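Written below as structure tokens is the structure these notes are about.
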Amino acid sequence: MQVHALKCFGERPGDGNPALVIEGDASGNEARRAFARSRNTTCVFLDGDVVDFHYPHARSPLCLHATLAVAHVLFARRPDAPLLAVTTAMRGQRLELARDGDAFFIRLQALDVVQPALEASLPARLLAMPGLTPASTPRVASIGSPKLLVEVPDAATLHGLRPDLQAITAWGKEAGINGVYAWCRRPDGRFEGRNFNHLDPLLEDGATGVAAGALTALLGQGLVLLQGRATGQSCLIATRIEDGAILVGGRAETAAIVTSLAGR
């Protein structure tokens with residue numbers, strides 16, 4: 001088994017959301033989840049051109065920062081390839097991978113979603129901020145992992161959030177939504193966000209590519225999205241819309257490479 005450790009979507013060298021890319025592993029889902037849990041890190045198991053995502057707490061249909069890590073590994077072997085593609089293990093979703101300088105991009109399509117009935121008080125209850133009035137109507141959008149997108153007034157509000165993670169998880173299971181993404185507009189024209197879909201607050205994402213893609217689909221424009229201040233990482237996700245497709249991208253760099261692990 002070969003394991004590659006990377007940091008993805010870092011705004012600067014050394015920053016980024018960590019992911020492990022694992023090759024040559026033939027174990028089942030429970031063993032893979034146990035491995036992710038033991039490393040307390042998002043893991044993507046690469047089986048040929050199939051990618052299988054595992055968080056420490058659950059298997060996932062899609063994880064873009066881990067896909068960015070896969071792109072780094074695959075383009076290192078085929079640096080002249082104009083485009084590469086992988087398929088997700090859970091839903092068979094095709095992900096096209098491209099390289100642009102030192103950044104990698106994932107090409108996806110916005111998906112149609114049914115908007116759940118949302119009580120007006122729901123965002124404030126889930127985000128545990130009584131009296132919160134979202135800056136726009138909360139909506140669900142998806143490029144493969146649906147998110148409830150809640151715009152808050154400013155960055156101070158965003159970073160003051162201490163959400164009810166139990167309530168978010170329970171509501172998400174009932175509604176078929178993969179967590180809440182709180183976001184705001186910055187005075188410099190960029191955007192900033194935080195993702196809440198883990199029960200453990202220490203597992204908050206430093207960068208959530210699927211949320212950036214969902215927000216791009218919702219707003220109908222490319223954007224520069226900052227994330228990670230709450231986790232001590234400075235992450236930057238860039239998106240654009242080309243020929244009706246959504247491209248989500250950023251930096252990926254090797255953190256460490258482990259050539260083999262005993263006992264696996």
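Bear in mind the structure is a predicted one, so any value in this text is a computation, not a measurement.
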Whether the Thr216 and Gln221 side chains hold a donor-acceptor pair (N or O, under 3.5 Å, no angle test) is what I'd like checked.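 No, Gln221 and Thr216 have no side-chain donor paired with an acceptor closer than 3.5 Å.
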When the ring planes of Phe45 and His54 are compared, do they come out parallel, tilted or perpendicular, using 30° and 60° as the limits?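 Judged by the thresholds at 30° and 60°, the geometry between Phe45 and His54 is perpendicular.
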Do [X] and [Y] come within less than 4.5 Å of each other through their side chains, counting heavy atoms only?
| X | Y | answer |
| --- | --- | --- |
| Glu242 | Leu247 | yes |
| Val180 | Leu127 | yes |
| Arg33 | Phe35 | no |
| Ile237 | Phe191 | no |
| Val210 | Lys147 | yes |

Nearest 0.5 Å, what's the [atom1]-[atom2] distance between [X] and [Y]?
| X | Y | atom1 | atom2 | answer |
| --- | --- | --- | --- | --- |
| Thr67 | Phe104 | OG1 | CZ | 13.0 Å |
| Leu6 | Thr41 | CG | OG1 | 11.5 Å |
| Asp80 | Phe75 | CG | CZ | 10.5 Å |
| Ser145 | Gln93 | OG | CD | 9.5 Å |
| Arg59 | Cys43 | CZ | SG | 13.5 Å |
| Ile106 | Leu84 | CD1 | CG | 12.0 Å |

For the CG atom on Asp200, are there more than 12 heavy atoms of other groups (residues, nucleotides or ligands in this structure) within a distance under 6.0 Å?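 Above 12, so yes.
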Near Arg77 CZ, under 6.0 Å, is it more than 12 heavy atoms from other residues, nucleotides or ligands?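 Count over threshold, so yes.
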Salt bridge flag under 4.0 Å for residues Glu151 and Arg185: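 Result for this pair is yes, salt bridge flagged.
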Start with the C-alpha distance between Arg186 and Glu192, add both sets of side-chain angles, then the distance that settles salt bridge (charged side-chain N to carboxylate O under 4.0 Å, His left out), and finish with yes or no. CA-CA 7 Å; Arg186 291 167 49 97; Glu192 191 165 3; 3.2 Å; yes
Checking Thr208 side chain against Asp205 main chain: does a donor-acceptor pair fall under 3.5 Å?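 Answer holds: no.
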Aromatic Phe53 / basic Arg32 pairing, under 6.0 angstrom, 45° off normal: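 The answer is no, since Arg32 fails at least one limit relative to Phe53.
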Closest contact, heavy atoms only, Val248 versus Gly213: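 Residues Val248 and Gly213, closest heavy atoms: CG2-CA, 3.9 Å.
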What's the verdict on side chain to side chain donor-acceptor pair (under 3.5 Å) for Ser234 and Arg229, showing C-alpha distance, side-chain angles and the deciding distance? CA-CA 6 Å; Ser234 295; Arg229 190 199 307 179; over 6 Å; no
With sequence neighbours excluded, give me every ring pair (Phe, Tyr, Trp, His ring centres under 6.0 Å) pair touching residues 110-144.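 Residue pairs passing ring pair (Phe, Tyr, Trp, His ring centres under 6.0 Å), neighbours aside: none found.
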